[in-house]
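Report on one structure; see the data block that follows.
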Amino acid sequence: DTEVTQTPKHLVMGMTNKKSLKCEQHMGHRAMYWYKQKAKKPPELMFVYSYEKLSINESVPSRFSPECPNSSLLNLHLHALQPEDSALYLCASSHYRGPRNTEAFFGQGTRLTVV
Amino acid sequence: DQQVKQNSPSLSVQEGRISILNCDYTNSMFDYFLWYKKYPAEGPTFLISISSIKDKNEDGRFTVFLNKSAKHLSLHIVPSQPGDSAVYFCAARGGATNKLIFGTGTLLAVQP
């Protein structure tokens with residue numbers, strides 16, 4: 001099973017709403033990631049969790065709040081977003097970097113629209 | 001500062017011919033490189049990777065070449081098929097972190 005599952009697939013939210021994006025993997029990966037992708041741009045790293053601890057925050061605004069409840073789950077809590085935050089949000093997972101190099105597997109993404 | 005660049009935003013190739021996608025990087029700490037294929041509104045799909053201790057890796061129709069001295073890698077697809085039409089991203093990882101940095105992408109169109 002090389003699947004990363006993201007829910008929901010599509011989300012429309014108002015600027016005052018609170019919502020959460022969810023990501024799940026059962027590959028035993030101990031590194032999980034959130035990326036943001038705008039149209040015609042490459043995926044842009046937001047957060048990295050390593051062994052359920054936040055290891056990288058790429059200076060993401062606090063209206064995005066990640067959470068890793070356990071080794072299989074990754075959430076992204078959203079609050080008071082702006083229309084420019086509308087994008088495709090991608091979750092990925094990989095083995096933790098060590099002596100073994102390994103690829104990251106991506107979910108299908110959540111298409112977020114902020115109105 | 002774009003550490004991973006793909007200088008060709010698009011490439012058009014005839015079916016059956018070779019597609020060559022190029023990628024340049026600036027950070028000498030990168031030691032593992034990957035190619036992903038992406039359709040609109042979907043997540044990237046892993047294609048092939050290469051470690052910096054190698055200069056070539058082959059998997060079926062896909063071959064990745066790495067030139068460390070030039071900080072350049074390329075993906076060869078042969079023969080190209082219409083189903084290969086997508087955006088291709090190279091990505092790089094290095095140092096002590098799990099950061100995966102993506103290039104700017106190349107849109108490949110394979111004409112029947």
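Throughout, a chain's letter reflects where its sequence line sits, starting with A, and its residues are numbered from 1. Atoms considered below: every heavy atom in the structure, side chains included; atoms not considered: hydrogens, waters and symmetry mates.
- In terms of non-hydrogen atom pairs under 4.5 Å with chain A, the most contact-rich of B:P9, B:G103, B:G105 is B:G103.
- In terms of heavy-atom pairs under 4.5 angstrom with chain B, the leader among A:K40, A:E44, A:Q37 is A:Q37.
- Using modelled atom types, one side-chain atom of A:T110 and one backbone atom of A:P8 make a donor-acceptor pair closer than 3.5 Å.
- Proximity to chain B is absent for every atom of A:S55, based on heavy atoms less than 4.5 angstrom apart.
- The aromatic rings of B:Y36 and A:F106 sit perpendicular, their planes meeting at an angle over 60°, well past the 30° parallel limit.
- Relative orientation of the A:Y33 and A:Y35 rings is tilted, given thresholds of 30° and 60° on the angle between their planes.
- What you find for B:G43 and A:L90 is that their closest heavy atoms are CA-CD2, 3.5 Å.
- B:K99 touches chain A through backbone and side chain together, each having a heavy atom under 4.5 Å away.
- Neither the backbone nor the side chain of A:Q6 comes within contact range of chain B, judged by heavy atoms closer than 4.5 Å.
- The aromatic rings of A:F105 and A:H29 sit parallel to each other, their planes meeting at less than 30°, with 60° as the upper class boundary.
- At a 4.5 Å heavy-atom cutoff, the contact between B:L34 and chain A is made by side-chain atoms alone.
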